[in-house]
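Everything below concerns the one structure shown next.
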Amino acid sequence: MPRSLVLNDPGCTRCKLHLETENVCEPGIGPRRSKIMVVSRMPNSGSYQTYLEAALTNAGLDVNEIYFTSVIKCRSFDVEPRKPEFVACAPYLADELAWVKPEFILAFGNEPLKELSGHSGIMKWRGKVIEAKAVPGASMFATISPAAVMRNPRQEPAWRADLKFFANATKGIHSNVASERPKITVAWKKDHLPLLKEALATADTVSYDIETTGFDEFDPDGAIVSVAFTLLHRDKGQSIEDGTVTIWALPLWHPQSPFRLNWRKVLQYVKPGMIKPHRKLAHNGKFDDRWLHKHGVPMDVTFDTMLAAHILDENREKGLKPLARVILGVGEWAISTKNLIDTPLKEVLLYNALDTYYTFLLWTHLRKDLIDQPRLLKLFMRVTMPASPLLREVEQHGIWVDREKLDTAHKIAFDTRDHIDEQLMQWVPDPASPGSSLHAQSNEPWPTKGKTIKPVEVNFNPSNFARWWLFEHLGLPIYERGKTKADGSPGDPSMREGVMFMLRETGHPVIDLLLERAKWQKYCSTYVNRYKEIMDENHRIHTTFKIAGTVTGRMSSGKADDEKISSRADRGRGVNLQQVPRDPFIRGLFGAPPGWAFIEADFSQVELRLGAYIAREPTMLQLFAMGADLHIYIAARALGIPDSQVTKAQRKEVGKPTNFGFLYGMYPKKFVITMWEQQQMVYTLQQAEHFRKTYFREFPGLQKWHTRQKRIAHQNGRVVSPLGRIRHLPDIYSEVQSVVMEAERQAINSPVQAMGSDMNTLSGILINQNLKAMGLRAHVLGVVHDAVNLECYIPDLPRALPMIKDTMENLPFKELFGAEVTVPIISDLQVGSHWGGATELTTDQIYNFDKATRDLILPERS
DNA sequence: TGAAGTCGCGCG
DNA sequence: AAAGCGCGCGACTTCA
């Protein structure tokens, strides 16, 4: 039905915003039939508009030819527009779009993106050409809003690159086709292969990338579709800039490839060339290296552009495409489909080759940035880069699972959960007439699904059913609610553990059952079931580490990104091996195969030691010098008991949270909560305040250090760890106080966490090197923030154990980083057949490892 | 049915 | 007024 255009309606009362503004329903500004439309979230204020126009002009656009408008039409700073407001405003923008009919649309921020394209997630969609759902045929682009850039100036370069990209596109300039680059040589025929091999073998630098099919390199159907190289040749003494750059592509398993049937042989043929150049560049090379190793090419990246970009700026996007956009000003070159097999070979090769070329160009930029920061360069070359081949090995090797134990645990976990469910069912009423049940405390009817009348199913996980059942039907009190909903209605009643502890006081028997059930449910779903699914034929489980996954330099572990796509029936083999429950019921499922021993080597209290060292806190340093255990020390004081009476559980549940909490800026209120939730111990706020004061009086260096870190963060916008790792803290300049305070706490935490994780990574690297140099039969199995796990052939334990301990306790800080570490670093070794329940060895047992010790810790394997 | 957001908990 | 940090993932809900 035709509808007249209503570009603006000053009398609009469609949502509450009209009450909050002087100017109801502001129309856009600019000429009708503009080729370009810019859409913000709300009408821009004068200063934003000025800033925005200057930036657009700078990008090469004529602002007089642009139509500026917004999704929300009423400008208000007091009321946050929510769903109803967006719904109310939508028709106005739709009218404007129909009226102006732009060819190019630029959306600023997530809401305009969503309104115009239906997609959410501005960081994912920025910088791409997106189909504008509202205007068929128009090209749409999105980037972050000028407001976000003004709040956080570090975003500015990338934002300006986005604007430039957009401006070029409106003029028909596409940097991906216009950019000058060497022509790509494709090895189409057998005769070409010697040329490629020779070119590789004589290259100074090779940038490489593979295209693959299948899920991971273990997939029996997995194959390498193609491989490409960008090569740098230079004569002696010639600079990198003056060298000769060539690009090559080699089709392998692709259906149109001439080498489809003998792709493995072809790969083997060029292999000597591939591994010859001393500098090997790749973007996330660990992935390619895993595949190449699997297919007999021992390739290991020496300069990874993803890792370099991350160490230089841990907050930025690290994908090849966003980096190419921001650093090189290159637009999209990706082929549209992810299905390489159905994509014409020529396209695949072009894409593959350009990946290597842009990786190469990125390297020329990133290496300069690193050379400008020598400390960061050292850290990069000595820790970050060597971590890539180490973790490549670790991921390939996997960790051994005791299959029989796993089967038993699986059965126990599911049986236990199901048994608890049966008991809980006694409290569940007849769905038809819940009110008439014996236990009913209310007449509220059984809940239904969303807006339908379909009844929800019984579900004891936190769900609509469980909340209704617990808080309506059984009438238990609501102590806590979740976040207020978008429409302003109160959040759902919380069912978290801490709340359940409080509900215990009601004496209702379902509470303990629910608490117990939650534990077993998690065991079932997250652990035993997953482990069973992903265990390979050698009873091993594999993870994927992210070297550039955290802002502090820690490694993270889990599934690879492409394993997370939920549309895939098989959801990948990866699993997080850094969050295996300490309960021996789960942790004890992992271990070393028969004939081998499992070793967990962890740094004792390392972050606390480093905190004391970095803060130069005299009392703590003295206690550590005396060999004290500060977690026991502080747990005893919090609990009001002698040191000797502190149990392992109390050390973990009271000592650690208290030390780390206060070290990193925790306040008394949270201490009270922690004591209650960990120990069900009641501290009053006054007692907690007193305890905290006592803590800081006892360790006076901490307060000064906190002040120092805050000052540094405010002055420099960043903090630096003793080994040179940088944490940028743009939020320190926020106008919102709570955001600033968060950044201040991060300024305190980051150097400590960064140094601990870099030490741990370095340990893994050096231990692995030493194992190889000594010819020991042992493998690193994983890194867990302050621990390195290994498996070792039992006869080699006497030589491996002392080396591991020595390596960790005597890291070459001075030689590698020029740092003088003045706190004792201690490594504790636990050895056994399995991870959970391994025995901690004394120093004497480690350095004089004998049969008696072996029989003690590995009784069934001696 | 998939995508996105929230909650809660596992680890350090 | 509000205040440990760093992660990954499964279950649930809502929305298109």
Side-chain angles (χ1 to χ4, degrees), chain A residues 83 110 114 118-121 124 133 314 449-451 456 459-467 480-487 491-492 494-500 518-519 521-527 529-530 543-544 546 549-559 561 563-568 571 574-583 586-587 602-603 606-607 611 652 656-671 673-674 677 692 706 727 736-754 756-757 760 783-787:
Chain A
K83 182 90 201 197
N110 205 37
K114 181 143 197 200
H119 301 299
S120 185
K124 197 170 94 190
K133 165 182 88 163
E314 72 286 358
K449 274 181 192 165
K451 289 165 188 161
V456 299
N459 181 349
F460 297 114
N461 294 330
S463 60
N464 288 346
F465 169 79
R467 291 192 180 90
E480 196 180 299
R481 284 179 177 276
K483 230 169 103 170
T484 305
K485 303 261 179 77
D487 62 5
D492 295 330
S494 173
M495 289 182 69
R496 52 180 271 267
E497 196 180 40
V499 172
M500 301 298 264
K519 179 183 115 177
Q521 167 63 25
K522 180 126 179 145
Y523 280 11
C524 291
S525 64
T526 311
Y527 305 112
N529 201 42
R530 288 291 298 149
T543 185
T544 301
K546 282 199 184 127
T550 77
V551 289
T552 58
R554 279 186 172 186
M555 309 289 118
S556 78
S557 152
K559 287 196 266 242
D561 287 342
E563 290 175 347
K564 289 179 192 153
I565 301 165
S566 51
S567 59
R568 303 187 84 137
R571 302 198 38 211
V575 65
N576 186 331
L577 288 180
Q578 293 181 331
Q579 57 166 181
V580 180
R582 306 183 67 156
D583 184 345
I586 304 291
R587 202 167 269 205
D602 69 281
F603 283 115
V606 71
E607 280 197 21
K652 180 190 147 207
K656 282 189 177 185
T658 306
N659 272 320
F660 291 131
F662 288 156
L663 188 68
Y664 297 140
M666 179 175 71
Y667 272 67
K669 194 172 130 194
K670 176 132 184 198
F671 176 75
I673 296 170
T674 306
E677 292 189 349
R692 185 172 182 276
H706 284 187
R727 171 87 188 263
V736 183
Q737 199 193 358
S738 59
V739 174
V740 175
M741 292 171 74
E742 192 180 352
E744 289 175 345
R745 292 191 298 274
Q746 290 163 337
I748 292 165
N749 168 274
S750 290
V752 181
Q753 196 180 115
S757 55
N760 199 57
V783 288
V784 196
H785 311 312
D786 65 353

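The sequence lines fix the lettering, A, B, ..., with proteins before strands; numbering per chain opens at 1. Scope of the values below: all heavy atoms of this structure, side chains included, with no hydrogens, waters or symmetry mates. Values in this document were obtained by computation on a predicted structure and should not be read as measured data.
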Rounded P spacing from C:dA3 to B:dC7 in Å: 15 Å
Nucleotide C:dC5, atom P - distance to CG of A:N659 in whole Å: 17 Å
Residues in salt bridge (Lys or Arg N to Asp or Glu O under 4.0 Å) contact with A:E480, at least two apart in sequence or another chain: A:R496
Residues forming a ring pair (Phe, Tyr, Trp, His ring centres under 6.0 Å) with A:F662, sequence neighbours excluded: A:F671, A:Y695
Residue pair A:E497 / A:E677, side-chain heavy-atom distance below 4.5 Å: no
N or O in side chain of A:T526 less than 4.0 angstrom from C:dG10 OP1/OP2: no
For A:D583, salt bridge (Lys or Arg N to Asp or Glu O under 4.0 Å) partners two or more places apart: none
Residue list, side chain to side chain contact (heavy atoms under 4.5 Å, CB included) with A:V456, at least two apart or on another chain: A:W446, A:P447, A:K449, A:F465
Protein-nucleotides 8-12 of chain B N/O pairs under 3.5 Å:
unit_1: B:dG8; atom_1: OP1; unit_2: A:S494; atom_2: OG; d: 2.8
unit_1: B:dC9; atom_1: OP1; unit_2: A:E497; atom_2: N; d: 2.8
unit_1: B:dC9; atom_1: O2; unit_2: A:K522; atom_2: NZ; d: 3.2
unit_1: B:dG10; atom_1: O4'; unit_2: A:Y527; atom_2: OH; d: 3.1
unit_1: B:dG10; atom_1: N2; unit_2: A:Q579; atom_2: NE2; d: 3.1
unit_1: B:dG10; atom_1: N3; unit_2: A:Q579; atom_2: NE2; d: 2.6
unit_1: B:dC11; atom_1: OP1; unit_2: A:R582; atom_2: N; d: 2.8
unit_1: B:dC11; atom_1: O3'; unit_2: A:R587; atom_2: NH2; d: 3.2
unit_1: B:dG12; atom_1: OP1; unit_2: A:R587; atom_2: NH2; d: 3.4
unit_1: B:dG12; atom_1: OP2; unit_2: A:R582; atom_2: NH1; d: 3.4
unit_1: B:dG12; atom_1: O3'; unit_2: A:D786; atom_2: OD1; d: 2.4
unit_1: B:dG12; atom_1: O3'; unit_2: A:D786; atom_2: OD2; d: 2.9
unit_1: B:dG12; atom_1: N2; unit_2: A:R554; atom_2: NH1; d: 3.0
unit_1: B:dG12; atom_1: N2; unit_2: A:R554; atom_2: NH2; d: 3.2
unit_1: B:dG12; atom_1: N3; unit_2: A:R554; atom_2: NH1; d: 2.9
unit_1: B:dG12; atom_1: N3; unit_2: A:R554; atom_2: NH2; d: 3.1

Sugar-phosphate, base or nothing in reach of A:S557, heavy atoms under 4.0 Å: sugar-phosphate
Whole-Å distance separating the CD atom of A:Q737 from the P atom of C:dA1: 11 Å
Duplex segments of DNA chain C, taken as runs of at least three Watson-Crick or G-U pairs that stay under 3.5 Å: B:1-12 with C:5-16
Rounded distance in Å - NZ (A:K546) to P (C:dG6): 16 Å
For A:K522, all residues meeting side chain to side chain donor-acceptor pair (under 3.5 Å), sequence neighbours excluded: none
Geometric cation-pi criterion, A:R692 with A:Y667: 6.0 Å, 45°: yes
Set of residues satisfying side chain to side chain contact (heavy atoms under 4.5 Å, CB included) with respect to A:A518, sequence neighbours excluded: none
A:S556 vs C:dG8: side-chain N/O to OP1/OP2 distance below 4.0 Å: yes
Spacing of A:T544 atom OG1 and A:E563 atom CD [to the nearest 0.5 Å]: 5.0 Å
Integer-rounded Å distance: C:dA3 C1' and A:K670 NZ: 10 Å
Which residues share a side chain to side chain contact (heavy atoms under 4.5 Å, CB included) with A:R467, sequence neighbours left out: A:P462, A:N464, A:F471, A:D492, A:P493, A:M495
Any A:K669 side-chain N or O less than 4.0 Å from OP1/OP2 of C:dA3: yes
By ring pair (Phe, Tyr, Trp, His ring centres under 6.0 Å) - contacts of A:F660 (at least two apart): A:H631
Which residues share a side chain to side chain contact (heavy atoms under 4.5 Å, CB included) with A:P657, sequence neighbours left out: A:T674
Candidate nucleotides C:dA11, C:dC5, C:dG4, ranked by approach to the side chain of A:Y667 - the nearest: C:dG4
Nucleotide nearest A:Y664 when distance is taken to its side chain, options C:dG4, C:dG10, C:dT13: C:dG4
Touch class at under 4.0 angstrom, heavy-atom based, for A:V551 against every strand present: sugar-phosphate
Under-3.5 Å N/O pairs linking protein and nucleotides 14-16 of chain C:
unit_1: C:dA16; atom_1: OP1; unit_2: A:K83; atom_2: NZ; d: 2.8

Sugar-phosphate only, base, or nothing, as touched by A:S738 at under 4.0 Å among non-hydrogen atoms: nothing
